[in-house]
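What follows is a single structure, written as C-alpha cells, with notes after it.
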Amino acid sequence: MKNILITGGAGFIGSHLVKLFVKKYTNYRIINLDKLTYAGNLQNLKSVENLSNYVFIKGDICDKVLVEKIFKDYSIDSVIHLAAESHVDRSITNPFDFAQTNVMGTLTLLNQAKISWAIDGFKDKLFYHISTDEVYGSLGKTGYFLEDTPYDPKSPYSASKASSDHFVRAYGNTFNLPTIITNCSNNYGPNQFPEKLIPLFINNIMNNKPLPIYGKGLNIRDWLYVKDHAIAIDLVFHKGKLNETYNIGGFNEWTNIDLIKVICATMDKKLNRKTGTSEKLITFVKDRAGHDMRYAIDSTKLFEELGWKPSLQFEEGIEKTIDWYFNNKDWMDNIVNGDYQDYYDKQYNIK
Ligand code: NAD
Ligand code: TYD
C-alpha cells in the first residue's frame with residue numbers, strides 16, 4: 001500500500017483530488033492534512049469520509065511536531081501539497097498569513113520529507129508541489145507562460161507561491177529530494193469558495209446582489225475546469241518526470257466582462273428571468289491594487305509528454321458549474337450564513 005499525504009484536501013481543488021484518488025486507487029491510503037481555515041470544508045468530502053483508505057487529520061502544515069508524527073505514523077511515501085492561502089485579495093490585506101502558510105508551511109513539509117526519506121535514499125518517493133501560473137507575473141496582449149518563463153510575481157499571493165516553488169527546487173537540487181511542480185491557470189467548478197470570481201457571481205446573481213467587477217473588467221484569465229486539473233495531477237503524479245515542471249492550462253482565455261456576460265445569460269435562462277436581467281447587477285468597482293492584466297498558459301509540454309489536454313469545453317464546464325451551485329444550495333448557505341457573508345458585505349458596503 002502506498003501512503004500519500006495530500007495537504008489542503010478539504011479545499012476546492014484538494015477535495016476533488018482526494019475524491020479522485022480515494023475512489024480510483026483503493027491500494028493507496030490517502031492522508032488528508034488540512035487546517036480547516038475558512039476555505040476548508042469537510043462537506044466537500046462526504047462521499048469518501050467513511051472509506052477505509054481515507055484518513056482526515058485536522059492540523060497545520062506549519063506544525064513541525066505534527067508533520068513529523070504524520071510521516072512516522074503513516075510511513076508517508078509521497079506528498080501532494082495543495083494547502084495554501086489562495087486568494088489574491090486577502091493577500092493584499094493580510095500578506096503575513098500567506099508567507100506563513102505558503103512559504104513556512106511548504107518548508108516544514110519539505111524538510112520533514114527530506115529527513116524521513118533520506119534514510120532509504122529517497123527510493124520511490126515524491127514531493128509533488130501544486131502551484132500557480134501567477135508566479136510568472138502578468139502578460140501583455142500576446143504571448144504565453146512557458147515552463148522556462150522567468151518568475152515575476154506581482155501580488156503577495158504570487159510572491160509567496162513563487163517563494164515556495166523556489167524552496168521545492170532548492171530541496172531537489174541541494175538534498176536530492178525527488179520533486180515535481182505544476183503551475184496551473186485559474187480553476188472553476190463545484191465546491192469553490194464564493195470569494196473567487198465565478199462562484200461569487202453565481203451566488204450574487206441567485207440572490208440579486210451587485211456583481212462587483214474590478215476596474216473595467218478587461219483583465220484576462222485562462223479558465224480550467226477543476227476536474228480536468230485533478231486528472232492532470234493524477235497523470236503527472238504517476239507519469240511525470242522527476243524534478244520537472246509542467247504548466248497546466250485551459251487554452252481558454254476570457255476577459256472578466258465577457259465571462260460574466262456568459263454567466264449572466266446562462267443564469268437568466270436557468271432562473272427563467274428575462275434576458276438581460278442579471279447583467280443589470282454588474283457594478284464596476286475600484287480596481288484591485290496591482291491587478292495582473294493577463295494570464296495565459298501554454299501547456300503543450302504536458303500534452304506532448306503525457307498526452308493531457310482539457311476534456312471539457314468552457315460552455316459545458318460553466319453549465320455544469322452553475323447546475324452544481326443550483327443543486328447544492330445548502331453548501332453555499334452553510335458558507336454564506338457563517339462569518340463570511342458579514343466579511344464580504346462589509347467590504348462592499350452591502351446592506
Ligand atoms: P482553497 O483556498 O480552496 O483551499 C486551501 C485549503 O488549504 C483549505 O482546505 C484550507 O483549510 C487549507 N489550508 C490553508 N492553510 C493551511 C495550513 N496552514 N495547514 C493546513 N491546511 C491549510 O485553495 P484551492 O483553490 O483549492 O487551491 C489549492 C492549491 O492550488 C493552492 O496551493 C493554490 O495555490 C493552487 N492553485 C489554485 C488555483 C485556483 O484557481 N484555485 C490555480 C492554480 C493553483
Ligand atoms: P479571482 O477569482 O480572485 O482569481 P485570481 O485573482 O487569482 O485570478 O479573480 C479572477 C479575476 O476576476 C481577476 O481578474 C479579478 C477579477 N474579480 C473581479 O472583477 N471581481 C471580484 O469580485 C473578484 C473576486 C474578482
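As the structure is a prediction and not an experimental result, all values here were calculated from the model. Sequential numbering from 1 along the given sequence is applied to the chain's residues.
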inquiry  = Let's go through Asp165 and Ser131 carefully: what are the C-alpha distance in whole Å and the side-chain angles of both, what is the deciding distance for side-chain hydrogen bond (donor to acceptor under 3.5 Å, both in side chains) to 0.1 Å, and is it a yes or a no?
reply    = CA-CA 7 Å; Asp165 292 10; Ser131 194; 2.9 Å; yes
Matching residue for Tyr136 among Asn247, Asp292, Asp152 - test: side chain to side chain donor-acceptor pair (under 3.5 Å) = Asn247
query = Does the ring pair (Phe, Tyr, Trp, His ring centres under 6.0 Å) test come out yes or no for Phe167 and His129, once each step is laid out?
reply = CA-CA 10 Å; Phe167 270 108; His129 179 60; over 10 Å; no
Supply the atom-to-atom distance [X] [atom1] to [Y] [atom2], rounded to the nearest 0.5 angstrom.
X: Glu49; Y: Leu42; atom1: CD; atom2: CG; result: 7.5 Å
X: Leu109; Y: Lys114; atom1: CG; atom2: NZ; result: 14.0 Å
X: Arg221; Y: Asn256; atom1: CZ; atom2: CG; result: 6.5 Å
X: Leu110; Y: Thr174; atom1: CG; atom2: OG1; result: 11.0 Å
X: His87; Y: Tyr38; atom1: NE2; atom2: OH; result: 7.0 Å
X: Arg29; Y: Leu51; atom1: CZ; atom2: CG; result: 14.5 Å

Using the side chain to side chain donor-acceptor pair (under 3.5 Å) criterion, which residues pair with [X]? Sequence neighbours excluded.
X: Tyr246; answer: Glu305
X: Asp124; answer: none
X: Arg288; answer: Asp89
X: Asp120; answer: Lys125

query = Who passes side-chain contact (heavy atoms from CB on, under 4.5 Å) against Phe326, sequence neighbours left out?
reply = Met206, Met267, Lys270, Leu271, Ile322, Lys329
task = Name all residues meeting the side-chain contact (heavy atoms from CB on, under 4.5 Å) criterion together with Ile213; count only those two or more places apart in sequence or in a different chain, and write none if there are none.
result = Phe201, Ile257, Ile260, Ile282, Phe284
task = Check the side chains of Asn53 and Thr26 for a donor-acceptor pair under 3.5 angstrom, ignoring hydrogens and angles.
result = no
query = Between Asp34 (side chain) and Lys58 (backbone), is there a donor-acceptor pair under 3.5 Å?
reply = no
inquiry  = Before we go on, tell me: are the rings of His229 and Phe12 under 6.0 Å apart, centre to centre?
reply    = no
